[in-house]
Amino acid sequence: MHGSALLQQRLQLRLQDRAARQLLRQRRQLQSPQQPELQVDGRRLLAFCSNDYLGLANHPAVVAAYARGLEKYGAGSGASHLVAGHSAAHEALEEELAAFTGRSRALLFGSGFMANIGVLTTLLDEGDTVFQDKLNHASLLDGGLFSKARFQRFPHRDLARLDAQLQAAGSEGLRLIVTDGVFSMDGDVAPLESLLALAERYHALLMVDDAHGLGCLGQRGGGVLEAARESGVCVDEDRLPILMGTLGKAFGTLGAFVAGSSDLIETLVQFCRPYIYTTALPAAMAEATRASLRLVETESWRRDRLRQLIQRFRSGATQLGLPIADSPTQIQALILGTPARALLASQQLEAQGLLVTAIRPPTVPPGTARLRISLSAAHSEAQVDRLLQALASLVLPDDEES
Ligand SMILES: *Cc1c(COP(=O)(O)O)cnc(C)c1O
C-alpha cells in the first residue's frame, strides 16, 4: 500500500473508533475574553470550566501591563533565551517568582508541558527511577516515559504501594517521586507530608507540579507548599528540591516556571533541550505575569472569595445528593461514569445556558467520565446557585457500562 493510502486508512480508523466510543473532542470558539459570562459560538453561556481561578486573565491591571510591555518590547521575543530573546522583563519575573516560592532561583518556560518534559528528561538518567501518581498530569507522565529512568506508577495517593515500590527499587541511582500538588481532574491535594517522609526514608527526592495550587492555596497564594508550611511541614528547597508551576491558570497569562537551587536552575539553562531550543515567551507576556503575580500576592480576598464559593457549592451539592468527589479546592468533579452520561449532562446544562465540558477518557480513567466544574473568584454566589439549580435538574439514564 502507498504511504499516503496507509496513512489515510490509519487516520480514519482512529477517528472512527474515537467517534464510535463517544470520545470525539470538539473545540468551541470564544468571541469574548476569558470570564464567567462567555460568548461562545455566538451564544452567551455561564462557564464553569476555565482555569482562570482568580479572575486575572482579563484583569485591567494585567492587560495594561501587557500593553505597556508591547509598547516597550514589541510583539515577539525573536529568539531563544540563550541567543537574544532573554529580556529584562523575563529576568525580573524570574527573580520575583524565586522570591514568591522561597527558592534560590526560578526559570521561565514557554509552557508547563515543556517544563515538565524538560525537567524530567534533563535530570533523570539511566539507572534512575521515577515514581509517579497515576493521576499525575499527562506532561509529567510523558516526561517520565521520555526519560531514560525506570518508570513506576502508583495508584492515586496509595502511599503503601509507593513505599513498596521504593523499597523494591533498591538504592542505586536517583529516585524521584513526582506528584501534582492539586490533582487537575479531581481537585484533591497531594499528601505532601507523607510523600516527604517516604522520600526521606528512602533517600529519594520529591518534585511537585503545583499548576492548580499556586495562587489559590496558602495565605499569599504560594500553593500547596505554603499551605503545608502553614500546618508546620518543612517544605524548603533542601527538603523539596524541585517545584514547578504554571502561569496560564490562576495567574491568567501563559508560561510556566521551575524553581529550586542555583545549581538546578543553571543545569536546566545549560542542558534542558525544551528550554534551550525554543523561542522565548514575548517579554510583554512576562510583564503581564509580573502584574498578575502582584495581584496574586496582595489580593488575598480573591482566595477568601474562592473558598466561600467552594463551600457554597459543596454544601449545595451535598444537599442535592450529587456524586461530587471529595475535594477541598476550586476543582470539583461530578463523576458520572460513561462518556455518554457525561456528555448528556453537559448538553443538558448547555441547554440551560451553562458551559461545563464533559471530561472523558483518556484524560480520566475509564468509567470515571465526569463534569469537571471549576470555580473562580470571578463567579458570584448567584452564579454558583444557578449552577446548583441546573445540576439538580439533570435527568440521566442509569449507567449501563459500570
Ligand atoms: C495545565 C497543566 C500543565 C501544563 O501547563 P501548560 O502551561 O498549560 O502547558 C502541567 N501540569 C499540570 C498539573 C497542569 O494542570
Side-chain angles (χ1 to χ4, degrees), residues 25 27 34 49-54 56-57 90 93-94 97 101 106-121 130 132-147 153 156-157 176-192 195 206-217 223-225 227 240 242-259 268 272 274-275 278-282 285-286 288-289 292-293 296 325 327 329-333 357 359 362-365 370 372-376:
R25 322 301 180 90
R27 299 174 304 170
Q34 189 58 255
C49 45
S50 99
N51 300 318
D52 180 28
Y53 304 129
L54 297 179
L56 299 180
H90 294 115
L93 176 57
E94 288 182 346
L97 287 168
T101 54
L107 187 69
L108 279 175
F109 281 78
S111 77
F113 210 106
M114 286 208 288
N116 282 336
I117 301 284
V119 168
L120 293 170
T121 54
V130 59
Q132 298 214 25
D133 190 296
K134 275 194 175 156
L135 295 191
N136 275 356
H137 190 261
S139 56
L140 291 173
L141 297 172
D142 283 0
L145 289 169
F146 297 166
S147 80
R153 255 179 284 206
H156 185 45
R157 300 170 55 112
L176 181 66
I177 304 167
V178 180
T179 187
D180 276 24
V182 171
F183 286 87
S184 51
M185 295 299 139
D186 295 75
D188 54 340
V189 179
L192 277 199
L195 290 170
L206 182 63
M207 168 178 173
V208 174
D209 168 346
D210 204 17
H212 302 277
L214 283 169
C216 300
L217 299 176
V224 294
L225 270 64
L240 204 170
I242 310 169
L243 171 65
M244 178 274 186
T246 65
L247 303 171
K249 288 165 183 156
F251 289 88
T253 57
L254 177 68
F257 68 92
V258 175
L268 294 175
C272 178
Y275 177 75
T278 193
T279 304
L281 284 173
M285 179 63 78
T289 305
S292 86
L293 176 57
V296 164
S327 154
T329 68
Q330 72 281 359
I331 300 166
Q332 296 289 325
T357 41
I359 306 284
T363 306
V364 292
R370 67 194 65 190
R372 175 186 183 270
I373 294 160
S374 55
L375 300 167
S376 162

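Atoms within each ligand, like the ligands themselves, are counted from 1 in listed order.
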Identify, by atom number and element, the atoms of ligand 1 in contact range of [X], meaning under 4.0 Å from any of its heavy atoms.
X    : result
H212 : 14 (C), 15 (O)
D180 : 13 (C)
G112 : 4 (C), 5 (O), 6 (P), 7 (O), 9 (O)
N116 : 10 (C), 11 (N)
D209 : 10 (C), 11 (N), 12 (C), 13 (C)
S111 : 7 (O), 9 (O)

*Residue part near ligand 1, for K249, under 4.0 Å between non-hydrogen atoms*: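 Contact part for K249 vs ligand 1: side chain (C-beta onward).
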Exactly one of T246, T179, N136, N116 should register a side chain to side chain donor-acceptor pair (under 3.5 Å) with D209. Which one does?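 Of the listed options, the one satisfying the test is N116.
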- request: Go through the steps for T363 and R372 under the test side-chain contact (heavy atoms from CB on, under 4.5 Å), then give the verdict.
  value: CA-CA 11 Å; T363 306; R372 175 186 183 270; over 6 Å; no
Would you mind finding which of F113, F257, F109 brings a heavy atom closest to atom 4 (C) of ligand 1?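 Answer by nearest heavy atom: F113.
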Are side-chain heavy atoms of V182 and K249 found at a separation under 4.5 Å?
no
Against ligand 1, does A256 come closer than 4.0 Å with any heavy atom?
no
Could you check D188 against H156 for side chain to side chain donor-acceptor pair (under 3.5 Å), going step by step and ending with a plain yes or no? CA-CA 10 Å; D188 54 340; H156 185 45; 2.6 Å; yes
Note to self: If I compare all heavy atoms of D180 with all of H137, which pair ends up nearest, and what's the gap?
What the structure shows: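 Of all heavy-atom pairs spanning D180 and H137, the closest is OD1-N, 3.1 Å.
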* Give the intermediate values and the outcome of side-chain contact (heavy atoms from CB on, under 4.5 Å) for residues Y275 and L268. => CA-CA 7 Å; Y275 177 75; L268 294 175; 5.7 Å; no
- Message: Please evaluate residues T101 and L225 with respect to the criterion side-chain contact (heavy atoms from CB on, under 4.5 Å), reporting the C-alpha separation (whole Å), side-chain torsions for both, the decisive distance (0.1 Å), and the verdict.
- Response: CA-CA 8 Å; T101 54; L225 270 64; over 6 Å; no
